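Reading through the structure tokens given below for one structure.
We name chains A, B, ... by the order of the sequence lines, and we start the count at 1 in each one. Computed from a predicted structure; not experimentally measured.
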Amino acid sequence: MIQVFNTLTRRKEPFTPLVPGEVGLYVCGVTPYDDCHIGHLMGPVLFDAVARWLRARGNRVRFVNNITDIDDKIINRANATGESWQDISRRYTDQYFTFLKRLRIATVTDHPRCTEFIPQMIAYISDLIGRDRAYVAADGVYYDVQKQDGYGKLSGRRLDEMISGSRVERSSGLRHPADFALWKLAKAGEPSWESPWGAGRPGWHIECSVMSRETLGGSFDIHGGGDDLKFPHHENEIAQGEAHGDAYARCWMHNGLIQYEGVKVGKSDPRMKDPAFAGRFKAGFLVDTYGAATIRFLILQGHYRRPNEFAEKAIIAARTALGRLHRQLGASLDQAPTDSGGEAEALAAALAASVPPSIAAHREAFVAAMDDDFGTGSAIACLFGMVSDIQKLPAQEAAASLRLVRDLGRLIGIFQPGDAADTTSSAEVAPASLSDIMALVLHLRQHARAQRAFATSDRIRAALTEAGVAVKDAKDGATWEMTGPAETAMARVMELVIALRQQARADKDFAASDRIRDALAGAGIALTDGPAGTTWGAAAKG
RNA sequence: GGCGCCAUGGCGGAGUGGCUACGCAGCGGAUUGCAAAUCCGUGUACCCCAGUUCGAUUCUGGGUGGCGCCUCCA
């Protein structure tokens with residue numbers, strides 16, 4: 001039985017969907033008016049893990065993640081840049097989707113956009129007015145908070161306490177300072193839709209009440225979002241939903257926010273005035289620099305309800321830790337899921353897998369951690385525990401247990417094919433181009449010729465020819481050009497270099513072999529000497 | 001001012017009324033020509049003060065400190 005912490009009751013509660021086996025999950029998405037930042041990705045990553053686990057536990061999950069594609073911030077941006085509001089919102093929505101893809105968010109089923117539901121919002125607002133829960137003021141339609149019993153129950157505040165704390169200058173003519181706009185009448189030049197109250201646009205909050213209703217119904221299982229949305233956004237969603245006569249969300253889940261050195265990184269954080277600081281939290285920077293797999297792992301290593309530290313030290317530690325798991329998994333990491341079935345089948349198979357008792361104990365702990373309010377961090381710790389114990393197993397048992405590690409990991413979104421390459425991104429690896437390597441090879445050949453070791457120099461040239469690289473000796477040094485496919489040349493030339501280094505090692509000329517290794521390292525290539533020979537790969541810095 | 005959250009070893013970060021979290025870093029060892037990677041071993045941490053208890057880091061009360069929300073924010 002899954003337990004979920006419900007913000008509304010501030011308790012962990014047994015989770016039972018409204019319709020057995022069917023879960024409706026609504027998670028607030030973004031207002032697309034600026035570059036995607038890491039905070040925007042917290043919800044998707046975390047709730048992707050939640051959705052995967054709900055599926056593993058035998059549920060079908062409809063996961064709705066909305067896009068608020070019309071809003072004051074978009075309009076302001078359009079006014080500032082001269083670009084149309086449509087272009088801005090489309091561009092940043094696309095960017096958001098790109099990052100969801102890079103982070104392998106695979107469970108979202110719906111991305112409704114605000115502008116696609118204007119008629120439904122107008123109908124909804126009309127309904128609220130008809131029920132005397134909203135009223136028309138000079139500049140729009142407002143929700144009447146005083147008509148609501150228990151307004152503030154989600155964020156734990158009372159209306160009378162809020163008046164003194166209210167720092168915003170509200171439009172005059174409101175019945176209560178906390179009343180909020182359902183419909184904003186357009187000023188000249190602003191985008192607008194016709195409505196019974198005049199041309200205008202929806203206020204913030206109404207889109208979620210309407211779109212959740214349109215996609216999941218008036219009562220649904222889980223509503224999620226960032227902690228900062230608790231008030232006023234979610235509070236007002238509840239107000240609207242209940243005023244409309246809906247039971248609205250039964251369980252509210254709020255994810256912790258990004259912080260840097262212990263302090264939340266928010267929109268109006270003074271530190272954000274420094275572009276260099278702000279840049280650190282852009283999704284593009286983080287994913288390019290540390291790899292999407294690292295970012296996702298870092299997020300899942302913590303607990304969804306707690307803030308997440310994004311200081312560089314924390315990110316590097318996460319990457320190192322993940323790298324350890326990746327190395328253990330080896331090639332199996334990149335194997336596509338064998339099943340065509342879903343998470344439920346995968347979990348059943350994982351539970352049925354025959355593994356030694358110590359591994360099975362970790363497996364049990366993993367499942368218990370996920371069942372207990374989606375404890376992805378504890379669950380990942382179980383994976384480390386397994387990997388550690390697997391070292392002590394005979395090879396054959398180890399293979400089955402490693403598969404278990406991988407398959408359990410995949411149930412929370414980690415260990416996707418391609419992830420290994422994703423922890424060390426191209427931005428970090430020095431460009432290991434063929435020309436860097438060729439410079440080294442030609443140097444080695446020149447050295448051999450100087451020693452009058454023509455057998456070696458000829459062997460190098462022959463191997464290069466074989467690899468699709470033609471060498472031309474000239475008075476002022478050798479040049480080279482491609483004669484074959486570039487894709488295979490790199491591998492072939494590396495084979496040659498490794499062979500030359502092996503020769504030096506066999507001759508006990510370690511100075512020479514180390515020179516080769518150092519030169520390659522300088523070009524961003526790391527050599528790994530193993531019992532089966534030497535392999536090469538991109539060298540990670542960090 | 002109101003509401004709420006959190007205080008764990010060098011760092012990050014779980015968790016529990018008595019028993020190893022885990023990762024990173026560090027240290028010792030194995031392996032290696034030297035490295036890298038890998039493996040083995042290693043650290044008696046739980047803010048302070050009372051109370052409950054046979055026993056509290058874990059429960060209760062108080063204190064101190066940090067953070068969040070009450071405005072835009074994921």
Between [X] and [N], is there a side-chain N or O to OP1/OP2 distance below 4.0 Å?
X         : N       : result
Arg157(A) : rG4(B)  : no
Lys73(A)  : rC73(B) : yes
Gln301(A) : rG13(B) : no
Arg306(A) : rA14(B) : yes
Gln259(A) : rG66(B) : no

- Message: Assess, by modelled atom type and distance only, whether the side chains of Trp53(A) and Asp371(A) contain a donor and an acceptor separated by less than 3.5 Å.
- Response: yes

- Could you check Ser155(A) against Met42(A) and say which one's nearest nucleotide on RNA chain B is further toward the 5' end? Ser155(A)

- Message: With nearest nucleotide decided by heavy atoms, which residue, Ser513(A) or Ser388(A), maps closer to the 5′ end of RNA chain B?
- Response: Ser513(A)

- Message: For the aromatic rings, using the six-membered ring if either is Trp, is the centroid distance between Phe285(A) and Phe281(A) under 6.0 Å?
- Response: no

- Message: For the residue pair Arg157(A) and Phe231(A), would you count it as a cation-pi contact if the rule is NZ or CZ under 6.0 angstrom from the ring centre and within 45 degrees of the ring axis?
- Response: yes

Rounded to whole angstrom units, what separation is found between the [atom1] atom of [X] and the [atom2] atom of [N]?
X         : N       : atom1 : atom2 : value
Leu298(A) : rA14(B) : CG    : P     : 11 Å
Asp228(A) : rA74(B) : CG    : C1'   : 5 Å
Leu229(A) : rA74(B) : CG    : C1'   : 6 Å
Phe384(A) : rC22(B) : CZ    : P     : 11 Å
Ile67(A)  : rA74(B) : CD1   : P     : 11 Å
Lys153(A) : rC70(B) : NZ    : C1'   : 19 Å
Asp514(A) : rC34(B) : CG    : P     : 11 Å
Trp252(A) : rA74(B) : CH2   : P     : 16 Å

Closest to the [X] side chain: [options]?
X         : options                   : result
Gln328(A) : rC24(B), rC39(B), rA14(B) : rC39(B)
Thr528(A) : rA36(B), rG12(B), rC67(B) : rA36(B)
Lys313(A) : rC24(B), rC11(B), rC22(B) : rC11(B)
Val263(A) : rC72(B), rC67(B), rC69(B) : rC67(B)
Glu309(A) : rC73(B), rC40(B), rG12(B) : rG12(B)
Arg327(A) : rC69(B), rA37(B), rG68(B) : rA37(B)
Ser268(A) : rA74(B), rA14(B), rU71(B) : rU71(B)
Leu257(A) : rC72(B), rA74(B), rU38(B) : rA74(B)
Asn255(A) : rC69(B), rG33(B), rA74(B) : rA74(B)
Asp227(A) : rA35(B), rC39(B), rG68(B) : rG68(B)

Answer with base, sugar-phosphate or nothing: what part of the nucleic acid does [X] contact at a heavy-atom distance below 4.0 Å?
X         : result
Gly385(A) : nothing
Gly29(A)  : sugar-phosphate
Lys264(A) : base
Gly39(A)  : base

Between [N] and [M], how far is it from one [atom1] atom to the other, in whole Å?
N       : M       : atom1 : answer
rG23(B) : rC59(B) : C1'   : 30 Å
rG9(B)  : rG63(B) : C1'   : 24 Å
rA21(B) : rU58(B) : C1'   : 14 Å
rG13(B) : rU20(B) : C1'   : 16 Å
rA37(B) : rA25(B) : P     : 9 Å
rC49(B) : rC54(B) : P     : 22 Å
rC3(B)  : rU71(B) : P     : 16 Å

Parallel, tilted or perpendicular, judged at 30° and 60°: which one describes the rings of [X] and [Y]?
X         : Y         : result
Trp252(A) : Tyr248(A) : tilted
His234(A) : His223(A) : perpendicular
His205(A) : His233(A) : tilted

- Do Arg517(A) and rC34(B) have a side chain to base donor-acceptor pair shorter than 3.5 Å? yes

- Query: Does Asp529(A) make a side-chain donor-acceptor contact with the base of rA36(B), cut-off 3.5 Å?
  - Reply: no

Tell me which nucleotide, if any, is Watson-Crick or G-U wobble paired with [N] when both distances must be under 3.5 Å.
N       : answer
rG4(B)  : rC67(B)
rG18(B) : rC54(B)
rU38(B) : rA30(B)
rG10(B) : rC24(B)

- Would you confirm whether Asn66(A), through its side chain, and Gly29(A), through its main-chain N or O, come within 3.5 Å as a donor-acceptor pair? yes

- Criterion ring-ring contact (aromatic ring centres under 6.0 Å, His included) on Phe180(A) and Tyr143(A), from CA distance to verdict: CA-CA 5 Å; Phe180(A) 54 91; Tyr143(A) 183 89; 5.0 Å; yes

